[in-house]
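None of the values given here were measured: they were computed from a predicted structure.
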Amino acid sequence: MDLHAHAQTNEEDTGTTGELSAVMMREMRARNHANLAAAAAQTDPLARLEGGLAVHCRVDLESRTVMESASMASLFKGYEALLPGRDLGKIGLISATASGICGGVHATASALCLEMALGLAPPPLGIVLRNLLLSCQYLNDSCLHLFVLAGPDYSHQAFERTNPEILSRAQKAACRYSQQHGYARVGDLMAALDKGSGALYREALQMAARARQAYTLLGGKYPHSESIVPGGVALPADVAKLAEFSAVLQPFAAYSQKAAAVWDEVFDFLLEAEPRYADLGRASASMLDFGQWDHPDHYDGSYARCDAWGAQRWSTPGALIDGQLVCTALSLLNAGMEEHLDHSYQRRAAQPRAMISADPNGNPISHLHPWNKRTETAKAHNPNAYSWGSSFTWRGHNFEVGAYARLYLSAAAQALPPGRHVAADGVGLDFSLPDENGREIALRWNIPSLWNTFERNRARAYSLAFNLGVTRENIALAEAAIAAGDTRTRISLDDAPTGRHLGVGLWGASRGFLAHWAVLNEQVIDNYQIAIPSRINVGTRMPDGMPGPLEQALANTRIIESRYHGSDDFVGIDIQRVVQSFDPCMDCTLHILLGDGATVLERAVDTRVRST
């Protein structure tokens, strides 16, 4: 399926796209031509599918404002086209390659999707083991984001290059949380965030390796474990494995406290030193998540009961619109989904197949729902297109996704299952984690009054404690199941039912919301669609011109960087921090248009770990 060719026609139009200026559109179309040429020269078909992210901003350096912005997915990510007609038992192995580093979460979303379509209910131990594997992947990814990818943007190196006046204050400022993180001065802490040489940078690599080590104990290999299958987990588990798994992860209790203290220290200092940072990446608190970590006493895989078993997840499903929790029912979260291609180079197929008008529970769904999405090569240029991505909405509302959404929604909903380690009270979350000496470590995360770049990363730091608390709950459940003799980890994939069946895997990655949708027709995959968190956050404008999540956050950003005299030495660190706060998992480049766009600066953003 070649969805690229049509974009090379009629691109001399100089009109605007929604709120985008002609100069911005010309730059993005030129970039699209270059990307298509590079893809055509690429001999590896999977590399051609992956693409990347190009964030375009037009900046006025004199007024220190971002005049306009647009996020551009550089190529079509078309893994879904590989799946129709495939053997049902192999779907997870193929769909897991939708990410080079997050194979486990895609394999699980695919397993959930097929369990629903095929009527499979995994045994309790299989459900719990999938939860434990998920937590390992989250711990790995959060460590790397906080200290290897985003961390260096707040380091001594970064402030020395961009804002030496703030660094000077940091070197004199005493730390408030030194007892938790071990640094006396904020400047010392910033030096520990330096890329490559910083102590916090190096420690994060070690902790991420520890999370991967734990994953392999139960999952066999990392990141593309083949042990997660429809019906449960293929590998067995025993008391010895669980004990070793628990011991490997034990240092994360103290580390969770340290990570939260580090980012509380950095962000609190910066907001006091420069209050304008409050507008960095500011946006309304609108987010969506399907919840994570199924409870073995409730999960049965069915759509008919998904609201009931979804409510028992260890992070609560929900939609938050402008700071208000408006829905926690999984079926309604799914039914309200729409994917818009109004500003995309993708084209929706006009096919004779009958549209699906309702979910299995009778809730109406749109013709723009992923169960109804099929794409084809477009015959004519869309003058409004500027990205190979799309715009996801829920009931007509834009939303962002992230690790932070799990905290925010769980805190607001106050519906977590009873447990020892995580509790919600409507305005925040309390965490209680036993350390290596048996001492209880207590942490508290509060819903912030203002949503911005700092709060995205602060919540992501506290997500380490959230993940570890849920891990502790599930280790206890796994031990109890084995002690009771219930050691089954999977049920077999029997013959698929005839007729048409719908499935959806409502799950998540470290970066947030993840979903796989399938339509089975006469025991064959007829349609398969995937929505990944990065593509949602960097989505295009909505049909009415409302910017996507990252685009909105950039529109509210002010340039605080001070050490520049003109285009030659302008770094764009404030824009980079906003991009990083959404944790995109694809290669990212900033294209900064100055003034009327005659000068374009190109800046690489370190958004993906290549080797650790």
Any side-chain donor near an acceptor of the partner, [X] and [Y], under 3.5 Å:
X: N474; Y: R472; value: no
X: D297; Y: Q312; value: no
X: N457; Y: E455; value: no
X: E265; Y: Y183; value: no
X: Q292; Y: S315; value: no

Does [X] pair with [Y] as a salt bridge, N-O distance under 4.0 Å?
X: D294; Y: R130; value: no
X: R276; Y: E561; value: no
X: D574; Y: R577; value: yes
X: D264; Y: R176; value: no
X: D279; Y: R282; value: yes
X: R458; Y: D268; value: yes

Write down the atom of [X], the atom of [Y], and the distance for their closest heavy-atom approach.
X: V148; Y: A204; value: CG2-CB, 4.2 Å
X: G505; Y: L112; value: CA-CB, 3.8 Å
X: L443; Y: A260; value: CD2-CB, 3.8 Å
X: F582; Y: R460; value: C-NH2, 4.2 Å

Proximity of [X] and [Y] rings by center, below 6.0 Å:
X: Y177; Y: W263; answer: no
X: W445; Y: Y404; answer: no
X: W293; Y: Y299; answer: no

Validate the cation-pi geometry between R313 and F290: distance from NZ or CZ to the six-membered ring centre under 6.0 Å, angle to the ring axis within 45°.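 Judged by the rule (NZ or CZ under 6.0 Å from the ring centre, within 45° of its axis), R313 is not positioned above F290.
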
Would you check, one step at a time, whether the test side chain to side chain donor-acceptor pair (under 3.5 Å) holds for D425 with Q414? CA-CA 6 Å; D425 60 11; Q414 304 181 72; over 6 Å; no

With W314, which of E473, R406, H421 fulfils side-chain contact (heavy atoms from CB on, under 4.5 Å)?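 The passing option is E473.
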
Is the number of heavy atoms from other residues, nucleotides or ligands within 6.0 Å of CZ (R161) greater than 12?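 Result for CZ/R161: open.
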
What class does the angle between the rings of Y408 and W451 fall in, given that below 30° is parallel, 30 to 60° is tilted and above 60° is perpendicular?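 Rings of Y408 and W451: perpendicular, as their planes differ by over 60°.
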
Is the ring pair H295/H298 parallel, tilted or perpendicular, if the boundaries are 30 and 60 degrees?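 Judged by the thresholds at 30° and 60°, the geometry between H295 and H298 is perpendicular.
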
Pick out which of N140, N467, T471 makes a side chain to side chain donor-acceptor pair (under 3.5 Å) with S135.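 Option passing the side chain to side chain donor-acceptor pair (under 3.5 Å) with S135: T471.
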
